[in-house]
Each structure stands twice: as C-alpha cells, then as structure tokens.
2 protein chains.
Amino acid sequence: MKSNQVTIVDIAKELNMSKSTVSRALTGHPNVKPETRAKVLELAEKLDYQRNMLSISLITNKTKTIGIVLPDFFTSFFPQVVVGAQEEAARQGYSVIVSQCNESYETEVANSKVMLANRVDGVMVSLTKETLNYDHWKAFVRRKIPIVFFNRVCEEMMVPKVVVNDYDGAFQAVEHLIATGKRRIAHLAGPSQLVVSRKRMNGYRDALKKNNIPVDEELIIEYDLNLTKVKMYVKHLLGMTNPPDAIFAVNDPTAIEAIQIIKQVGKHIPDEIAVVGFSDNYGSNFIEPSLTTMAQPVKEIGKTAMELLLGLMDKDISEWKPLIKTLDTELIVRNSTVYKAPE
Amino acid sequence: MKSNQVTIVDIAKELNMSKSTVSRALTGHPNVKPETRAKVLELAEKLDYQRNMLSISLITNKTKTIGIVLPDFFTSFFPQVVVGAQEEAARQGYSVIVSQCNESYETEVANSKVMLANRVDGVMVSLTKETLNYDHWKAFVRRKIPIVFFNRVCEEMMVPKVVVNDYDGAFQAVEHLIATGKRRIAHLAGPSQLVVSRKRMNGYRDALKKNNIPVDEELIIEYDLNLTKVKMYVKHLLGMTNPPDAIFAVNDPTAIEAIQIIKQVGKHIPDEIAVVGFSDNYGSNFIEPSLTTMAQPVKEIGKTAMELLLGLMDKDISEWKPLIKTLDTELIVRNSTVYKAPE
DNA sequence: CTGTTAGCGCTTTCAC
DNA sequence: GTGAAAGCGCTAACAG
C-alpha cells in the first residue's frame, strides 16, 4: 500500500534535483541558491508537503513529544493541569501524549510502557492512589528519559517534582476554622500512601497543636478516596456523643459529598458544622453553601512541571537535581465556613 | 550522542546471531527454533529491551496513534469523552494524542498540523466554537487519514460523526417544562455556527409549537457561550414586563450561571422560574437547587467515536460512509424544575 | 530454521 | 551550491 503523503523524493523528482538539495531548501540550510529554495518551497506548498517527523525522530533519537500520565480525569484538576502543560509544551515546539489511569496501578504501568514504546522525550507523572511500586518509572531514569512528578509524587525517586505547599495549606485551612471559633475539627483524610495526604494530615495536626487544641484521633478518618464511603463517615461523625463542629476534607469532592450529607441530616452549615476542602475544583463555588477551600494554581502546576521537564532535555542525567518546586495555595473563604449574604 | 536504549543489534551481537533472527524471535514469527527464541527473549527481558515503534511506523506507515482534538477542557464533558475513547483505543492497541484548543480556531489549525506531523492514523475531532473553515480537516481526507467528528461536528464534510439527539433532547426538555405548567419559556441558546446550538434551538421551537405556545423571539437569546455574559441576559429576562417562567439553557454551565443569578435576584426556583440545562456536567447535581438536565452518555460518545474511527482503519476511503451515529440523551429531573424534598 | 539484503523518509557527512 | 552515499532501528523478501 502506497503512502498518500508527499515526500522529499517526490519533490526532488518533479524538480529534477537531488533529495539532499530539497531537504536543505526545506530545512533552511544556508547553502542553497535562493532561486532553488524558492522553487522547492513553492512546490512543497502546492503539494501540501508535510515533513515526516517519524524519520527525523529516528535519526535524531528525539521525538519532541512529552508523555503526561495522570491518575484520573474525573475532577477539573488534572485536565486543567494538562492545559497549562500543553501550552508550555507547544510554546517550545513539543507535542503531548496524555493518558489517564482510572486510578489503577496496572493501567499506570501499561501507560508507562506506551510512553516508552512511543519514545517520548520525557514524562510528567502524577501517581494513582494505588501505586506503591515505582519500577516502571525508574526504568525511565535508567534510560535517561527525564521525568518530573507533580501533585502525587514519588518521594523515593530523586527527580524534580512540582507540588503545592500541602502542609501549609492544610495548616492555614485549619487555622481558618479555628479563627471562626471551631474547636472540634474532624479530618477526612486521604490514603497515607499519598504524600499529599500525609502532608495535609500533618498540617492539620500541627495547626491544632499550635492552637492548644488536643488532637482527637476519633475525629480523624483516613480513607481511600472512594466517594461512596463519605456518607458513612459523615454520619458517624455527626452521630458521635461529642460531634465535631467542623470538617477539614482532604479534597473538594470529599468536602462536597460531606456537605450534601450534612444538609440531608438537617444540620446547619457553617453554624453547627463548617466544612473546608482543598483544590478549588470546578463546582466548589456554586454548591450551596459554597465551599471554603485552598485553591491550587492548577495551570501553573502544569506549566511549571513542563518547564522543569523541558529544562532537563539537553542536560546530562547527572544534572537532574531533585529540585522540588513548591507552589502556593490560596485560601478562598466561602459560605461553608463564613456565611456571607449575597449582595 | 549514543542512544541509551537497547536495540536488536545489541541483542544480536551479544548472542552472536543475525538481527533478523532476533527480530523474528521477538515478533513471534513461527520459523524460529524454540531454543533460540528462549535465549533471545531472556536477554531482551534482562536488558529491558523495548521495541522502537518509530522505525516500525516508518516501515508500515502506521503509527498506531490516534489524535483527539477538543475545543476545551473546562467542563467534565470532553475529559470524560477522552476517557471513553482512550479505553477503546487501548483495547485495540492504539495510543492517543490529545490536544485541546481553548476554543480558538487558530490553535485548532495548529493542533491539526501537529497531528499530521506526528502521522496519526486517524483523528477524532470536536470543533471550537469559532471554527467556520474546515480546510485543515479536509487535508486529512485528502491524505486518506480517517476522521470522525463528534459533538461539535462539521456538517459539510462527508465523514462519520457521533452526536446525541440534540433536537429530541431539547424537545423533551422543553416539553418537561411545559408539563410542569410553564408557558413562557426562554432559551439561552449557543452560537448558531454550532450544529448543536441550531438543533437544540429547533427542538425548543418545535416543542413550543406542538403545545400551541407561541414562540416569542424576545425570549430567545443567542450568545457565544462566554459565561460572563449570562448575568446580563438573565437580568434582562427577569426584568421584562412579562418575564419568562422558565429558562432552557443550551448547556449546563449556562444553566448553573443562570441559577446563581436568579438566586441573587431573589426569585424562587422552580416556582417563579424553572431552569433546565443540557449535558449533566459535573456539579449539576449538587448546585442548589440541583439542575434538571438532559444527560449525555459521555464515555459512550468517546467509545463510539473511537470504534467508528478504528473501523475505518483498513478500509478504503471510498468506504467511509458518512455514517452518523446518534446516541440518546436522558432527562434527569432535579429540583430546578420539580422540587423534591430530601428524604 | 537462519542469514543477507534492501529500504521506510529523512538528514548528514563527504565529495565535487 | 549541489549530488552521492551512509545510516537511524527495524521488518520483509529472498536465499540458502
């Protein structure tokens, strides 16, 4: 089956010159007679010639393609990260292969193989909540393919990472609750294998301690982020003899779920129980009451990770400093902690 | 700079055999002595050999890669479509390059070039709201690269398309409003260059006509989907001497925006004014009041489009029937049209 | 069963 | 300035 794409040979034949000349004309090589170049360019334009990156990649051993591997596409978080990353990649002449893993470790491994087979020049990775083994990513380091983690990072690998100040964010969020008069603050935490979960947990604990509020382990529920379980947890918390007066949730979907349960039960937010989330996902501003949350600079995360990654491109592996970029979160106060009547 | 990846030559040299034998062993060719194959496979495993798809693609003129071009990543709609599409692609051994265009025609054109340069085997496309010229997509047809449109389709190109029954959906949505006793139903419509906008508009008009409700052009506002404008439109509608008692919005973000304005103004939903959206995006179920909407089978759309596309792969261009697959929407009745107290 | 050869589309020496 | 030849990593056609 003959290709339908115009090649350099086609142009060379048509113009009765060598392919090297055509190639030179096309790539802007200086040693070409202007007249020749013009002829080539004109015909290329006319025939709608497109360079075949495949062959170039084969020669240069570079594909100008970056792989992005994500745990999920469910909330607005990761898609927005992709937007930021893709913009930066495009700016530097790279394209992007995205795959999401449905939070499955197996899919993550499979996706990493796809990236390898497609010879990406680098990968930007956020781990699934199941991932405990990193061999498939270490393979990239072994092959000297740059890798940058973001959000859900792998602590044991000495490669660049982009995170937000989860500890500080959680700390601030909890201090905000304390400032509004709350004292029994529960924490719906994420699974401890995720660094973000642990950091947010620590921020939560330290904020309480700093304010001389004893940490009540009964108020801390660690779960696997399977949202269907939130109902049970919230009901349990509300049914305690000494129930919490606030909930700090590890992320917005959890917080939103919690708000809905609390409303069903008929408790008043924020007076009886306040809620704070994390990330400022799409929807958090229009749930009723609107959700107070720590906003993450989503596009910025994508952009930064991509910049870091592309910066590694020409460098030797020895220069891959395990640089950790920490971006700032921002507290967005909404009605789930401080009620403000609409104007 | 030497590649860091193990090649067939490396294995052949190590094992002291020809590269063709190694290649055959690796690809499962029958004519290889089991013993030889075992040796090759073992070493390949040990050296962590990965086939270079680039060279194979160069030979076969197939990349086993599908491009997906989307107008935006803002709502949950397109990311979810990607999930469905990617699953199906992976199932059939294809990987996927995704790019989103920020609703910009120029970016769409640029992205189409990237797809071409990367020699994708096919593309799945949903147009930006700006796109009026389709030359960049027609180039794919000219090169016999299969193309399938979905959601925001190009009517003038005779290629397969995946859509939902926008007309029927709109019709049903409006009839639902009428069934709840509404008579003055406004329509916040999308830009008329989008087929979906026109179809939903027609469904709206016909539902009114069928129920002997005169179409009042003053109640129809066509806009460019720039959400910041919704406030003005809704205030205008509510301020009319004979204001509408319901709004049918072209999509959920518009409807959600409208609900927030209506609440600000202090009108009661759904009694004074009901609202219906389209798509059942993430968030529509937990806005207060929750949004009645026509749900689209998102993942199904992605899966179907990918199936259609991959089905075209071995076919000659003459067999690309301009098949249009229409998937069904489903009315989800929530509190923005029929108030139901929580249990 | 295995080895040799040619070639995918392009760039890049090395000649002239 | 331009052409000829080699080669990126792999497969396929042709010999043995």
Side-chain angles (χ1 to χ4, degrees), chain A residues 1-41 43-44 47-65 116-121 143 145, chain B residues 1-41 43-44 47-65 116-121 143 145:
Chain A
M1 184 161 52
K2 174 82 178 59
S3 160
N4 305 296
Q5 313 255 10
V6 179
T7 71
I8 283 194
V9 179
D10 298 330
I11 298 181
K13 212 175 288 176
E14 183 86 16
L15 257 32
N16 208 12
M17 52 175 82
S18 75
K19 11 178 213 166
S20 12
T21 306
V22 175
S23 171
R24 279 191 275 256
L26 252 19
T27 49
H29 192 98
N31 286 359
V32 182
K33 207 198 293 176
E35 194 189 314
T36 316
R37 164 164 295 137
K39 266 202 287 190
V40 171
L41 290 179
L43 187 61
L47 299 180
D48 198 12
Y49 166 78
Q50 285 275 342
R51 268 160 93 184
N52 187 338
M53 292 308 289
L54 256 31
S55 35
I56 300 176
S57 299
L58 194 58
I59 295 170
T60 59
N61 205 31
K62 297 252 163 293
T63 51
K64 288 282 187 177
T65 301
L116 235 35
N118 282 310
R119 290 300 196 270
V120 292
D121 288 345
R143 287 156 202 264
I145 300 172
Chain B
M1 183 162 52
K2 175 80 181 61
S3 161
N4 305 297
Q5 314 257 6
V6 179
T7 71
I8 282 192
V9 180
D10 297 330
I11 298 181
K13 212 174 289 175
E14 183 85 17
L15 257 32
N16 208 11
M17 51 175 83
S18 76
K19 9 178 214 165
S20 15
T21 305
V22 176
S23 171
R24 279 191 276 259
L26 252 19
T27 50
H29 193 97
N31 286 359
V32 181
K33 207 199 293 176
E35 194 190 315
T36 315
R37 163 162 295 137
K39 267 202 286 191
V40 171
L41 290 180
L43 187 60
L47 299 180
D48 199 12
Y49 167 78
Q50 284 275 341
R51 268 159 92 185
N52 187 337
M53 291 308 290
L54 256 31
S55 36
I56 299 177
S57 297
L58 194 58
I59 295 171
T60 59
N61 205 32
K62 298 252 162 292
T63 52
K64 289 282 187 174
T65 301
L116 234 36
N118 282 309
R119 290 296 197 271
V120 292
D121 288 345
R143 287 156 201 262
I145 300 172

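Lettering of chains follows the sequences in order, A, B, ..., and the numbering in each one begins at 1.
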Degree of bending in the helix from C:dC1-D:dG16 to C:dC16-D:dG1 once both end axes are built from five pairs, to 10°: 50°
Looking only at heavy atoms, the pair that brings A:Asn61 and A:Asp121 closest together is O-OD1, 4.5 Å
Rounded to the nearest Å, what distance is computed from the CG atom of residue A:Leu54 to the C1' atom of nucleotide C:dC8? 10 Å
With B:Arg119 via salt bridge (Lys or Arg N to Asp or Glu O under 4.0 Å) - residues at least two apart: none
How would you list, by chain and number, every residue that makes a side-chain contact (heavy atoms from CB on, under 4.5 Å) with A:Arg37, sequence neighbours excluded? A:Ala25, A:Val32, A:Leu41
Quick check on contacts: within residues 30-40 of chain B, what sits under 4.0 Å from DNA chain D by heavy-atom distance? none
Of B:Met17 and B:Leu58, whose closest DNA chain C nucleotide lies nearer the 5' terminus? B:Met17
Can you measure B:Lys13 atom NZ to D:dG9 atom P for me and round it to whole angstrom units? 11 Å
When rounded to whole Å, the CG to P distance for the pair A:Asn52 and D:dC8 reads 18 Å
side-chain hydrogen bond (donor to acceptor under 3.5 Å, both in side chains) partners for B:Ser57, two or more places apart: none
Quick one, give me the B/S/- string for nucleotides 11-16 of chain C, reading 5' to 3', where B means a protein heavy atom under 4.0 Å from the base and S means that only happens at the primed atoms, P, OP1 or OP2. BBB---
Quick one: is B:Ser18 getting a side-chain N or O under 4.0 Å of the C:dG3 phosphate, OP1 or OP2? yes
Please identify each residue that fulfils side-chain hydrogen bond (donor to acceptor under 3.5 Å, both in side chains) with B:Ser20, with sequence neighbours left out. B:Ser18
Under the side-chain contact (heavy atoms from CB on, under 4.5 Å) rule, collect the residues that match up with A:Ile56, sequence neighbours excluded. A:Arg51, A:Met53, A:Thr60
Under the rule for side-chain hydrogen bond (donor to acceptor under 3.5 Å, both in side chains), what residues qualify as partners of A:Thr65, not counting sequence neighbours? none
For C:dG3, does OP1 or OP2 lie under 4.0 Å from any side-chain N or O of B:Thr21? yes
Tell me: CG of B:Asn61 to P of D:dT11, nearest whole Å? 16 Å
Separation of B:Leu15 atom CG from C:dG3 atom P, in whole Å? 10 Å
Can you list everything that forms a side-chain contact (heavy atoms from CB on, under 4.5 Å) with A:Ile59? Sequence neighbours excluded, please. none
Find the distance A:Asn16:CG to D:dT2:P and express it as a whole number of Å. 13 Å
Return the set of residues passing side-chain contact (heavy atoms from CB on, under 4.5 Å) with B:Lys13 (not counting sequence neighbours), or none when no residue passes. B:Val9
Step by step, work out the side chain to side chain contact (heavy atoms under 4.5 Å, CB included) result for A:Lys19 and A:Thr7. CA-CA 10 Å; A:Lys19 11 178 213 166; A:Thr7 71; over 6 Å; no
Mind checking side-chain hydrogen bond (donor to acceptor under 3.5 Å, both in side chains) for A:Arg24 and listing every partner two or more places apart, or none if nothing turns up? none
